[in-house]
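Data block below; observations after.
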There are 2 protein chains.
Amino acid sequence: MTTRWLTPEEQRAWRAYVAASLLLEDAIDRQLQQDAGMPHLYYSILSVLSESPERRLRMTDLAERLKITRSRLTYAVTRLEKDGLLRREACRYDKRGSIAALTDEGFTVLERAAPGHVDTVRSFLFDRLSEEQVGQLEEITAAIAQGLQEDGTRTAADDVPWRRRSSPACS
Amino acid sequence: MTTRWLTPEEQRAWRAYVAASLLLEDAIDRQLQQDAGMPHLYYSILSVLSESPERRLRMTDLAERLKITRSRLTYAVTRLEKDGLLRREACRYDKRGSIAALTDEGFTVLERAAPGHVDTVRSFLFDRLSEEQVGQLEEITAAIAQGLQEDGTRTAADDVPWRRRSSPACS
DNA sequence: TAGGTTTGTTTAAAACTTGAACCAAGCCCG
DNA sequence: CGGGCTTGGTTCAAGTTTTAAACAAACCTA
């Protein structure tokens, strides 16, 4: 089968997208590095934890929400723990598990970094979009993410309903 | 001034965006690494070169199009040169300049990798969007990129029209 | 209980990024 | 012309991150 190349419209969209995502991620990383001493990913870890029940989550669940590998997460969490922003706890229900729990200090750091972060996201993203476009962006990116999820992390267990992760957060 | 937090709609959009861009970049990197032995950025370098007049471009111009620092580009180009996919040439009109020129081998590698890459982009992105959404995506990301450009790389020269880079590609 | 899975970490090697420092070449202006 | 600033590009050192493979412990199911 011969390749279906991108149409001119698709090409324009693709290029604009690539440029925007690169620039945006750079800008956000820079801002957070500056103001909070950590890159976007690390901030996201704290942020996700802060919204979880009891501000804690199992490593695997955390990795899943952040769309990163467990190995990568282990590395990041180790640094955050060293900085005292979170703590690892044992899981009572599953002795293999370890739980990342946001510390008070971590929460404070997050609270202090949040305004600057939101300002950045706002000024570079939402301030430039109409309300309508915000909705469009959500639909578009949600569709993309969905496609990539079901495809990527497809394991045998996904085909066995009764074995699917339920993850009561073990909390 | 108190922070204007994100509205629920904005939050949803932001999260979907972050997840999608991460997953998409991962998927593309994986595919290209697999099929062409290089990450997305390197492929982009070859790709931009292949579309430039005489398949060559000055380093600074290349960095500008790719939205990366010159330092970062130097590193990448060094590797690509080592792999024989491009060659550095002296610039006749400006003895400071160096030009990255795609080699025949580089072009061949690109030709072979392109179908797989396009397939990936298509299946993860465009196949999931309506024609209308493609247009929306372009407008949205173009707006974002524009905002980030004028802000970021603002140098004194930008305010002096007659000194702005014209870059006749020196070719 | 055996066999296969899942969890999370470890390890070692690469790959990448950054920022500053630097040199050579170009440009400006008195 | 010649000093002084700017630009193009690389180099360097340091640190960060990423990956993949291997692993042990704990789980699960038959």
Side-chain angles (χ1 to χ4, degrees), chain A residues 22 25-26 29-30 32-34 37-42 44-45 57-64 66-83 86 88-100 153 155-160 162-167 169-170, chain B residues 22 25-26 29-30 32-34 37-42 45 57-64 66-83 88-100 153 155-160 162-167 169-170:
Chain A
L22 200 99
E25 188 60 18
D26 269 13
D29 265 341
R30 209 181 324 285
L32 281 172
Q33 194 69 58
Q34 178 99 39
M38 67 182 79
H40 191 192
L41 177 62
Y42 291 65
S44 297
I45 292 174
L57 223 44
R58 282 191 62 161
M59 294 296 280
T60 295
D61 294 326
L62 197 44
E64 209 161 287
L66 295 167
K67 319 296 179 202
I68 62 176
T69 63
R70 273 168 310 173
S71 180
R72 201 171 161 189
L73 179 62
T74 294
Y75 177 86
V77 162
T78 300
R79 170 176 147 186
L80 288 171
E81 188 173 28
K82 224 167 264 164
D83 293 346
L86 58 74
R88 272 185 241 246
E89 292 176 359
C91 176
R92 272 168 304 175
Y93 308 99
D94 183 342
K95 285 184 186 155
R96 292 169 303 179
S98 82
I99 296 178
T153 327
T155 69
D158 291 332
D159 292 327
V160 188
W162 45 269
R163 286 202 60 201
R164 233 167 244 154
R165 291 196 56 81
S166 59
S167 82
C170 187
Chain B
L22 202 100
E25 188 59 18
D26 270 12
D29 266 340
R30 209 181 328 283
L32 281 173
Q33 194 70 59
Q34 179 98 42
M38 66 182 79
H40 190 193
L41 177 61
Y42 291 66
I45 292 174
L57 224 44
R58 284 191 61 159
M59 294 295 279
T60 296
D61 294 325
L62 198 44
E64 208 162 288
L66 295 167
K67 318 297 178 201
I68 62 177
T69 62
R70 274 170 313 178
S71 179
R72 202 172 161 186
L73 179 62
T74 293
Y75 178 85
V77 162
T78 300
R79 169 176 147 187
L80 288 172
E81 189 173 28
K82 223 167 265 163
D83 292 348
R88 270 185 242 245
E89 292 177 358
C91 176
R92 271 168 303 172
Y93 308 99
D94 183 343
K95 287 184 186 155
R96 292 169 301 179
S98 84
I99 296 178
T153 327
T155 69
D158 291 333
D159 293 325
V160 188
W162 45 271
R163 288 201 59 203
R164 232 167 244 154
R165 292 196 57 80
S166 59
S167 79
C170 186

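Residue numbers begin at 1 in each chain, while the letters A, B, ... track the order of the sequences. The figures that follow rest on heavy atoms only: side chains count, while hydrogens, waters and symmetry mates do not.
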Can you check the [X] [atom1] to [N] [atom2] distance for me, whole Å?
X     : N      : atom1 : atom2 : answer
B:Y75 : D:dA13 : OH    : C1'   : 14 Å
A:L41 : D:dT19 : CG    : P     : 11 Å
B:L62 : D:dG8  : CG    : C1'   : 14 Å
A:R58 : C:dT9  : CZ    : C1'   : 14 Å
A:I45 : D:dT17 : CD1   : C1'   : 13 Å
B:L66 : C:dT17 : CG    : P     : 12 Å
B:D94 : C:dC23 : CG    : P     : 19 Å
B:I99 : D:dG9  : CD1   : P     : 9 Å

Between CG on residue B:L22 and CD1 on residue A:I68, distance to nearest 0.5 Å: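 Result: 8.0 Å between the selected atoms.
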Roughly how far, to the nearest 0.5 Å, is CG of A:L73 from CG of A:L80?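 It is 9.0 Å, given to the nearest 0.5 Å.
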With a 4.0 Å cutoff (strictly under), does any side-chain N or O of [X] reach OP1 or OP2 of [N]?
X     : N      : result
A:R72 : D:dA20 : no
B:R30 : D:dT19 : no
B:Y42 : C:dA15 : no
A:S98 : C:dT9  : yes

Sidechain N-carboxylate O distance under 4.0 Å for A:K67, B:D26: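 Judged by the 4.0 Å cut-off on N to carboxylate O distance, A:K67 and B:D26 do not form a salt bridge.
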If you check the A:R70 side chain, which of C:dG26, C:dC16, C:dT9 turns out closest?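 Looking only at heavy atoms from C-beta outward on A:R70, the closest nucleotide is C:dT9.
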Which nucleotide, D:dG9, C:dC16, C:dT10, lies nearest any side-chain atom of B:T60?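 Among D:dG9, C:dC16, C:dT10, the one nearest the side chain of B:T60 is D:dG9.
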Upstream residue (5' side of DNA chain C) when A:D26 and A:L73 are each assigned their closest nucleotide: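 Of the two residues, A:L73 wins.
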Kindly say whether, by distance alone, the side chain of B:S71 makes a donor-acceptor pair under 3.5 Å with the base of C:dG19?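 It does, because a donor-acceptor pair links the side chain of B:S71 to the base of C:dG19 below 3.5 Å.
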Side chain of A:R96, base of C:dT6: donor and acceptor closer than 3.5 Å?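 Checked by distance alone, the answer is yes.
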Does a side-chain heavy-atom distance below 4.5 Å link A:E25 with B:E25?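 They are not in side-chain contact.
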Start with the C-alpha distance between A:D94 and A:R58, add both sets of side-chain angles, then the distance that settles side chain to side chain contact (heavy atoms under 4.5 Å, CB included), and finish with yes or no. CA-CA 10 Å; A:D94 183 342; A:R58 282 191 62 161; 3.5 Å; yes
